[in-house]
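Proteins get letters first, then strands, A, B, ... in listed order; numbering begins at 1 in each.
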Amino acid sequence: MTNTIAEMAAAWDPARFEEARYQWWEERGYFQPRIDHEQQPFVVIMPPPNVTGQLHLGHALTASVEDALVRWHRMRGDPTLWLPGTDHAGIATQYVVENHLASQGIDRREIGRQKFLEHVWEWVREYGGAIQNQHRRLGASCDWTRERFTLDEGPSRAVRATFVNLYESGRIYRGERMINWCPTDHTALSDLETEYEDAAGKLWHINYPYTDGSGRHVTVATTRPETYLGDTAVAVNTNDPRFADAIGLTVRLPFIDREIPIIGDDYVDMEFGTGALKVTPAHDQNDFEIGQRHGLEAIEVIAADGTLNENAGPFAGLERFAARQSIVSELEAAGFLERTEEYQNRVGRCYRCQTIIEPRLSIQWFVDIAPLAERAAEAVRDGRIRIVPERFTGTYLNWMDGIRDWCISRQLWWGHRIPAWFCGECDGDRLQIILGEAITGPDGQPLWEATYSQLREIGLTPEEIVARADRVNADKDATPIVAVDGPSACPECGPAALLQDPDVLDTWFSSGLWPHSTLGWPDDAEDYRYFHPTSVLETGYDILFFWVARMIMMGLENTGDVPFRTVYLHGLVRDAQRQKMSKTRGNVIDPLESIAEYGTDALRMALTIATTPGNDLALTPGRMEAGRNFANKLWNAARFVARSVETSGAAVGGEMPEPSHREDRWIVSRLNGVTAHVNQLLEDFQLGQAEQVIRDFLWDEFADWYIELAKVRIRNGDTAPVAYLVGALEQSVRLLHPFMPFVTEEIWQSLVARAPGLARGVESIMVSAYPQADVGDADRASEAEVGDVINVVRAIRNARAEGNVEHSRMIEVFVDADTRSRQAIDDSREAIGTLARVSSLRVLEEDDERPDPASVMTAILDGVTVMAPLAGLVDADAERARLTKELEETQGRLTGLEQRLGNEGFRSKAPAHVVAKEEERLAESRQRVERIEEQLARLG
RNA sequence: GGGCGGUUAGCUCAGUUGGUUAGAGCGCAGCGUUGACAUCGCUGAGGUCAGAGGUUCAAAUCCUCUAUCGCCCACCA
């Protein structure tokens with residue numbers, strides 16, 4: 001695409017290439033793995049974003065990291081699958097669509113389940129494509145032909161199969177338990193979906209008079225006075241002397257005049273409040289458990305919509321917080337309120353809509369999770385699954401340890417409907433049927449709901465009941481019939497009226513199956529056989545419990561194997577002020593806007609370079625600018641390289657020839673060192689570090705030095721460097737490609753266009769081989785020698801800058817070097833001349849006369865002394881002061897080294913190579929001190 | 001109440017089995033448009049690695065404590 005220099009504009013322009021290039025890759029089928037049973041595949045399943053959502057920077061980070069891993073493995077030759085997908089996101093989506101409809105004056109309850117679901121599907125069709133487009137813009141090389149949606153037939157059947165298996169083995173059960181209820185969403189939530197936060201509240205002390213006529217009362221302390229209407233006991237600690245005589249007595253609840261007992265239960269903390277605890281079994285988990293122990297009745301007073309129900313007597317119909325106000329003032333007016341304290345407590349909120357959760361007793365489906373958790377913990381403990389970074393292993397195991405049963409039913413419409421049916425003929429009295437439209441009841445009045453049995457008595461046939469039923473509420477003793485594809489008959493009574501449970505499953509239930517349900521399980525699918533277990537599961541640490549832990553539990557249960565080998569947890573992306581990004585804060589950055597401004601490669605680099613797993617990242621505009629600037633720098637370096645191929649006419653082949661020139665040996669050696677290092681870092685999941693190493697090599701060594709050194713030789717007609725300019729750049733962009741796919745591809749194409757041998761038979765960098773190297777190949781001599789040349793150039797530049805020598809003025813330089821550097825400096829004299837603007841460079845021999853120290857600026861490096869006579873610019877006093885300071889520093893270092901090496905402990909205990917290194921440094925420092933002293937002596 | 005993490009240059013962050021004089025980007029100061037690149041080049045300033053103690057020949061790195069910010073988990077009304 002970019003075959004001429006003219007086409008390679010002076011600046012990297014992502015907009016010009018990205019979209020076309022993505023399509024070009026996709027058309028060639030690069031995103032699809034080949035199935036090769038001789039090879040171990042590399043598989044990543046993408047965390048499915050909300051199908052109707054917009055990608056935020058967290059997703060962009062996910063995509064950047066996963067794409068880097070995937071592209072790296074693909075280039076290594078592994079059959080590589082990155083499977084994308086989306087999640088139906090039960091509550092979130094239903095909530096959004098419901099609000100949308102409400103804004104049009106439509107109430108979902110009025111239009112009914114079927115109509116509502118049609119609206120949601122329409123919504124999905126309308127907004128569902130955004131995610132895929134955004135991933136394409138991010139350059140994500142995922143296999144769109146295998147894209148899955150949680151509500152697709154395959155994953156849906158996997159959900160039902162899992163439910164049935166767990167039910168049949170007794171690990172899914174239906175029962176009446178205390179659950180977290182969201183009065184806004186009208187559904188149960190799991191413990192994880194309830195977020196607790198501290199809130200300023202009050203502790204009300206309420207008097208309950210004894211019924212013995214003594215006129216005495218017991219005082220209870222509560223943060224939720226409105227629940228007193230549902231109290232069925234007051235509990236005290238059996239060891240509490242204050243209440244020793246009270247147990248067994250009864251008290252009377254104000255206004256509603258219910259008589260309730262005082263019971264003894266050691267759950268009660270004598271230190272807290274008054275030592276007497278009001279017990280509301282229907283609206284508090286602990287109270288429920290106390291109630292169970294003592295056989296107390298659970299009286300519900302707060303209804304599903306958060307208003308007080310008929311059991312609330314005079315307060316019925318009030319909203320729960322309005323009721324609290326009202327009850328407190330009534331109690332106070334009637335003298336039942338002893339006192340009020342300020343109190344900090346924790347309130348649970350719905351993680352989607354922030355409504356305060358109401359603990360509520362209801363019939364739900366649960367997973368008996370402890371046995372699954374035990375196996376899931378074991379898989380991590382024994383190393384079958386590795387978590388990166390490792391510290392999350394403890395968090396994970398701790399969570400598994402104290403896990404409670406998982407409430408999986410949701411009173412929503414959008415999601416996987418629970419595959420459980422109830423038989424009207426068997427459980428007629430236990431099934432409350434809510435009708436889609438009213439029928440005429442026996443009394444001539446419209447009838448909206450009735451038990452199945454009652455409807456039969458009216459004369460409806462089973463078929464008619466099924467057809468008219470909008471939903472069924474089965475009581476806790478009803479017997480569900482659970483089947484993957486829906487039962488056609490009741491096992492007890494044959495063909496009958498079967499009514500499906502109205503609830504859907506927790507979204508995370510289906511997400512928990514994602515690694516195997518997307519690959520075809522429970523069928524014996526080829527993808528499943530080949531690609532499962534997957535390799536790496538990459539996601540944010542914030543959904544370790546929600547998702548990762550559940551995938552491990554469900555994966556082990558369903559497949560008998562771990563779902564993935566490695567869990568890589570990235571940190572959260574925050575804004576420049578380290579605030580969490582959220583819609584309500586209004587600080588979300590749209591990845592597409594960043595891409596438009598800086599380019600995809602720049603955004604990806606900003607999100608990943610020099611980051612470390614599990615640590616949060618504040619994404620600043622500066623990081624993105626740095627990414628853009630690097631892409632541009634690289635692009636321009638490539639322009640120079642391309643140009644040098646054309647103008648030199650050098651024939652460049654596929655492999656770099658064995659280098660003979662020191663500078664060429666140096667860059668090849670450094671390239672190999674970087675290649676080996678990068679591979680090692682990638683193996684160890686240190687992606688950010690690997691990226692940093694590549695960037696530093698390309699900018700600080702290749703562009704800043706090798707290109708500049710090569711220019712000098714090329715100018716003199718030496719075409720040898722061209723092969724290394726091309727070869728080193730080509731190999732470097734291959735190293736970088738997983739991180740910055742677009743700019744590296746364009747550069748690679750431009751290089752291949754000029755040196756077709758580089759392609760090595762492939763059409764794209766994406767499918768070229770990832771570079772490998774052996775650290776043992778390093779050319780230490782050339783690295784040291786070119787290092788000396790670079791240091792000399794730097795020293796001269798430094799002297800020029802300090803002496804304020806005008807750029808246009810060429811200067812003379814004398815160099816006194818030891819044998820190691822002398823030849824290298826002599827050989828590179830022209831380069832030094834050009835790069836440091838030196839007109840004449842003299843490498844001094846043993847008996848050559850040194851220039852007058854009073855008129856030179858001197859830089860003393862390891863093994864090299866650089867002297868720049870700057871007539872009229874050198875202040876002998878200043879020079880003396882500078883050298884004296886340097887002498888002090890060097891001597892200080894020398895003293896340290898002498899002490900260390902004089903220490904017997906160091907000599908005997910430190911590894912030999914460390915000792916040798918220190919000795920080398922000692923010798924260098926000594927020599928340097930000598931030379932500084934000598935120079936000072938000559939200065940007088 | 002338990003547990004985890006951060007604290008390194010003005011800002012954002014690297015620094016993985018303890019081993020040269022602790023690094024980068026941005027910012028800052030000075031200089032610089034000769035054909036790869038001003039989205040750039042050159043030079044430089046800037047850090048007692050939160051604090052204290054300990055282990056060690058050697059500590060930003062390991063241990064203990066403290067401070068501070070943040071996160072996770074937990075049934076105290």
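Checking the phosphate oxygens (OP1, OP2) of rG41(B), a side-chain nitrogen or oxygen of W699(A) falls inside 4.0 Å. Phosphate contact (OP1/OP2 of rG25(B), side-chain N/O of N629(A), threshold under 4.0 Å): absent. Under 4.0 angstrom from either OP1 or OP2 of rU21(B) there lies at least one side-chain N or O belonging to R921(A). Residue T612(A) places at least one side-chain N or O under 4.0 Å from the OP1 or OP2 atom of rG15(B). Between rA77(B) and Y343(A), a contact under 4.0 Å exists linking OP1 or OP2 to a side-chain N or O.
Among the atoms of the strands shown, base atoms are found under 4.0 Å from some heavy atom of K633(A). W204(A) comes within contact range of no nucleotide atom at all, as no heavy-atom separation falls under 4.0 Å. Counting any heavy atom pair closer than 4.0 Å across all strands shown, K711(A) reaches a base atom. Residue R800(A) is classed as having no contact, given no heavy-atom separation below 4.0 Å to the nucleic acid. When heavy atoms are screened at a 4.0 angstrom cut-off, Q692(A) is found touching the sugar-phosphate backbone but no base atom. Using a 4.0 Å heavy-atom criterion, one finds that N804(A) contacts no nucleic acid atom at all. Across all strands, R794(A) comes closer than 4.0 Å only to sugar-phosphate atoms, never to a base (heavy-atom distances). Counting non-hydrogen atoms under 4.0 angstrom, P621(A) reaches nothing in the nucleic acid. The residue A703(A) sits close to a base: some heavy atom pair falls under 4.0 Å. R404(A) comes within 4.0 angstrom of the backbone, heavy atoms only, and of no base. Across all strands shown, A910(A) has heavy atoms under 4.0 Å from base atoms, whether or not it also approaches the sugar-phosphate. The residue N903(A) sits close only to the backbone: its heavy atoms come under 4.0 Å of sugar-phosphate atoms, none of a base. Among the atoms of the strands shown, none is found under 4.0 Å from any heavy atom of E625(A). D684(A) comes within contact range of at least one nucleobase, with a heavy-atom separation under 4.0 Å.
For A610(A), counting side-chain heavy atoms from C-beta on, the closest listed nucleotide (rA14(B), rC57(B), rA36(B)) is rA14(B). For R623(A), counting side-chain heavy atoms from C-beta on, the closest listed nucleotide (rU21(B), rG5(B), rC13(B)) is rC13(B). Taking every side-chain heavy atom of H807(A) into account, rU34(B) is the closest of rU39(B), rC73(B), rU34(B). Taking every side-chain heavy atom of R643(A) into account, rA36(B) is the closest of rG19(B), rU39(B), rA36(B). Of all nucleotides listed (rC75(B), rC42(B), rU21(B)), rC42(B) comes nearest to the side chain of R797(A). Checked against rG25(B), rA77(B), rC42(B), the side chain of R695(A) finds its nearest nucleotide in rG25(B). Side chain of N345(A), nearest nucleotide from rA77(B), rA36(B), rC13(B): rA77(B). Closest to the N798(A) side chain, of the nucleotides rC37(B), rU43(B), rU56(B), is rU43(B). Nearest to the side chain of N636(A), among rG15(B), rA77(B), rC37(B), sits rC37(B). Minimum atom distance to the side chain of F545(A) is reached by rC73(B), of the listed rC37(B), rA77(B), rC73(B).
Contact check on E358(A) versus R360(A) returns no salt bridge, with no Lys/Arg side-chain nitrogen under 4.0 Å from an Asp/Glu carboxylate oxygen. In summary, E924(A) and R893(A) do not engage in a salt bridge, as defined by a charged side-chain N under 4.0 Å from a carboxylate O. Using a cut-off of 4.0 Å between Lys/Arg side-chain N and Asp/Glu carboxylate O, R339(A) and E341(A) are scored as salt-bridged. A salt bridge is absent between R797(A) and E802(A); no separation between the charged side-chain nitrogens and carboxylate oxygens falls under 4.0 Å. Using a 4.0 Å cut-off between a side-chain N of Lys or Arg and a carboxylate O of Asp or Glu, K885(A) and E888(A) do not qualify as a salt bridge. The pair R907(A)-E918(A) does not count as a salt bridge, with every side-chain nitrogen at least 4.0 angstrom from each carboxylate oxygen.
The separation between W399(A) atom CH2 and rA74(B) atom C1' is 14 Å, rounded to whole Å.
Residue T227(A) forms a side chain to side chain donor-acceptor pair (under 3.5 Å) with just one option from H283(A), R324(A), K278(A), and that option is K278(A). Partner V234(A) forms a side chain to side chain contact (heavy atoms under 4.5 Å, CB included) with one of T219(A), V279(A), I260(A) and no other, that one being I260(A).
Comparing T611(A) and T395(A) by the nucleotide of RNA chain B that holds the closest heavy atom to each, the one mapping nearer the 5' end is T611(A). Nearest-nucleotide mapping onto RNA chain B: of D616(A) and L192(A), the residue sitting toward the 5' end is D616(A).
Side-chain N/O atoms of S190(A) and E193(A) include a donor and acceptor closer than 3.5 Å.
For the ring-ring contact (aromatic ring centres under 6.0 Å, His included) test, no residue two or more places apart in sequence or in another chain qualifies with F288(A).
Helical stems in RNA chain B, defined as runs of 3 or more consecutive Watson-Crick or G-U wobble pairs with both donor-acceptor distances under 3.5 Å, are listed by first residue as B:1-7 with B:67-73, B:10-13 with B:23-26, B:28-32 with B:40-44, B:50-54 with B:62-66.
Comparing the P positions of rU61(B) and rU55(B) gives an interatomic distance of 15 Å, to the nearest angstrom.
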